[in-house]
Amino acid sequence: MADSLSLPIAPIAANYDHSSLLSRNSAFSSRLLPSKCFSSGKNKLNLSSLGQYSFHSLHHRVAPIRALDSDVPHPLHKGSVDFKSKKSYEQWDSLTSTFSGAANIPFLLLQLPQIILNARNLLAGNKTALLAVPWLGMLTGLLGNLSLLSYFAKKKEKEAAVVQTLGVVSTYVVISQLAMAEAMPLPHFMATSVVVGSGLILNLLNYYNILNRRIWQIWEDFITVGGLSVLPQIMWSTFVPYIPNSILPGAIAFILAVAAVTMAHTGKLSEKGVKFVGAISGWTATLLFMWMPVSQMWTNFLNPDNIKGLSAISMLLAMTGNGLMIPRALFIRDFMWFTGSTWGTVSYGYANIVCLYIFNSIGREFFIAATVGLISWLGITLWRDTVVHEYESPVRTLKELVFGS
């Protein structure tokens, strides 16, 4: 989750009409209010009943969503919040959003040195230096960012959507530099440009609810098929040459993805099956980012000397950027986002810091500071979320996160 931007989509209604879920997010949806709050025969609010219900709703909010439904737009997930804690609850809501938005800073600092270095090499006419940057890996990260951008934009998680947008733009800048250095085939770059431009425009329009539902559905199908096709291929390629080099995993996944999307559209899947298909693109994007530390650790295992080439500051930035998004993911009970951010924080950022310490590439003070900082941050996050929900134990918080209500 560090090279491109974290974290880990595509919510689906029973009839596979993605945008129909938006109607569930109105302030006084009939899904959230009892029938007595509406006038009979009309879809209008009965204000007298609403007043009585509003006080009661502060004690019993909508139950947390299940992990499979974590991609529902504006999930009303926040469990039971006592009226006395409403202020602290809203403060934590605002603060977690701020943390999520602040993740832009470390992620930008993480990508900026590569962009500057590439620009210097291009200006110096040293195009060969850019061959060291794998364009296929950058393209994979770009697809992951686009998928997660669609996921967060649909949920109206503005700060997280901005993080992913920054990931798309910064990665596209690097890819453009590779194309200028002829390190990436021009046809591939042109196709990438069309996908990036279309993705950014479509997500912007969908965020403001002005995009045609059919067009958005086509886009979600595209990122579902694309994500599911790329993931197994990347996993397979990690272990080449210890296993045969083959495109078979990606080809099989592509066929399965097309079949799953087709069956979802034609009504041949159950409601749970349709929701599962709808969540594929988000989970594949998340798993792509989660696979990055696995690939890095595998490389470290095969070539321990390569660890010296890792930047401790880059690993710290990766740990910080992903870690800043954990409180928000936990607060809104988004299991997909929480899984990706936590994995990126621990297995990519911190795990590589551990490797650097073991091989004496960083000092003890740096390692201890990173360890204490990470443990403290995770502990405070879990404790604070438990407090604002007025739960007796953080176990309930984690249970809600994984299983829903």
Side-chain angles (χ1 to χ4, degrees), residues 6-8 11 21-22 24-29 31-33 53-67 69-105 148-149 151-165 207-209 320-342 345 376-402 404-405:
S6 80
L7 67 183
L21 290 169
L22 292 173
R24 302 181 186 181
N25 303 316
S26 56
F28 301 108
S29 169
R31 183 172 67 98
L32 305 180
L33 299 180
Y53 175 75
S54 297
F55 182 84
H56 179 73
S57 66
L58 292 171
H59 293 76
H60 301 283
R61 299 198 179 190
V62 178
I65 54 176
R66 293 182 174 85
D69 299 325
S70 64
D71 46 8
V72 174
H74 264 325
L76 296 173
H77 49 275
K78 300 173 182 177
S80 299
V81 182
D82 190 83
F83 179 73
K84 293 181 294 183
S85 68
K86 184 174 184 290
K87 183 176 180 180
S88 62
Y89 184 90
E90 291 176 348
Q91 287 176 341
W92 186 238
D93 185 2
S94 176
L95 197 56
T96 55
S97 293
T98 302
F99 289 149
S100 180
N104 281 294
I105 299 174
L148 291 175
L149 171 59
Y151 174 73
F152 289 120
K154 187 161 188 176
K155 294 186 70 171
K156 311 303 181 189
E157 283 290 331
K158 181 176 66 175
E159 293 79 8
V162 171
V163 171
Q164 299 306 322
T165 301
Y207 182 84
Y208 291 103
N209 301 323
T320 303
N322 284 291
L324 283 170
M325 293 191 287
I326 292 176
R328 185 64 184 174
L330 179 62
F331 179 74
I332 69 171
R333 302 298 189 261
D334 190 322
F335 184 56
M336 184 192 303
W337 188 8
F338 181 86
T339 301
S341 295
T342 304
T345 301
S376 300
W377 180 252
L378 295 177
I380 291 173
T381 295
L382 191 58
W383 165 76
R384 185 60 184 166
D385 191 89
T386 303
V387 169
V388 297
H389 287 87
E390 296 193 349
Y391 295 159
E392 295 181 357
S393 168
V395 173
R396 180 174 176 183
T397 294
L398 296 175
K399 182 180 178 181
E400 287 183 351
L401 174 69
V402 178
S405 57

Within this structure, what is the OG1-CG distance for the pair T342 and L378, rounded to the nearest 0.5 Å? 7.0 Å
CZ on F338 to CZ on R328, rounded to 0.5 Å: 14.5 Å
Separation between CG (D385) and OG1 (T397), nearest 0.5 Å, reads 4.5 Å
Close side-chain approach of L398 and L382, heavy atoms under 4.5 Å: yes
Side chain to side chain, E159 and T96, heavy atoms closer than 4.5 Å: no
Give the C-alpha distance, both sets of side-chain angles, the deciding distance and a yes or no for side chain to side chain contact (heavy atoms under 4.5 Å, CB included) between W377 and L324. CA-CA 9 Å; W377 180 252; L324 283 170; 4.2 Å; yes
Just do the side chain to side chain contact (heavy atoms under 4.5 Å, CB included) check on D334 and E157 with the steps written out, would you? CA-CA 11 Å; D334 190 322; E157 283 290 331; over 6 Å; no
Can you tell me how far CD1 of I332 sits from OG of S100, rounded to the nearest 0.5 angstrom? 8.5 Å
Does the side chain to side chain donor-acceptor pair (under 3.5 Å) test come out yes or no for Y391 and E400, once each step is laid out? CA-CA 11 Å; Y391 295 159; E400 287 183 351; 2.6 Å; yes
Residue pair V163 / A103: nearest heavy atoms and the distance that separates them: CG2-CB, 4.2 Å
In the structure I gave you, are the side-chain heavy atoms of K87 and Q91 within less than 4.5 Å of one another anywhere? yes
Check the pair K86 / E90 against salt bridge (Lys or Arg N to Asp or Glu O under 4.0 Å), numbers first and verdict last. CA-CA 6 Å; K86 184 174 184 290; E90 291 176 348; 2.5 Å; yes
Does N104 use its side chain to pair, donor to acceptor, with the backbone of G101 at less than 3.5 Å? yes
Check whether T165 reaches the backbone of A161 with its side chain - one donor and one acceptor, N or O, closer than 3.5 Å. yes
K156 and N209: CA distance, side-chain angles, deciding distance, side chain to side chain contact (heavy atoms under 4.5 Å, CB included) verdict: CA-CA 10 Å; K156 311 303 181 189; N209 301 323; 3.1 Å; yes
Is K154 positioned over the aromatic face of Y207, cation under 6.0 angstrom from the ring centre and no more than 45 degrees off axis? no
Please report the shortest heavy-atom distance between S88 and V388, naming the atom on each side. O-CG1, 3.9 Å
F331 and H389 aromatic ring geometry - parallel, tilted or perpendicular at 30°/60° bounds: tilted
Measure the CZ-CE distance between F99 and M325 for me, rounded to the nearest 0.5 Å. 13.5 Å
Could you verify whether a donor N or O on one side chain and an acceptor N or O on the other, from W337 and S341, lie under 3.5 Å apart? yes
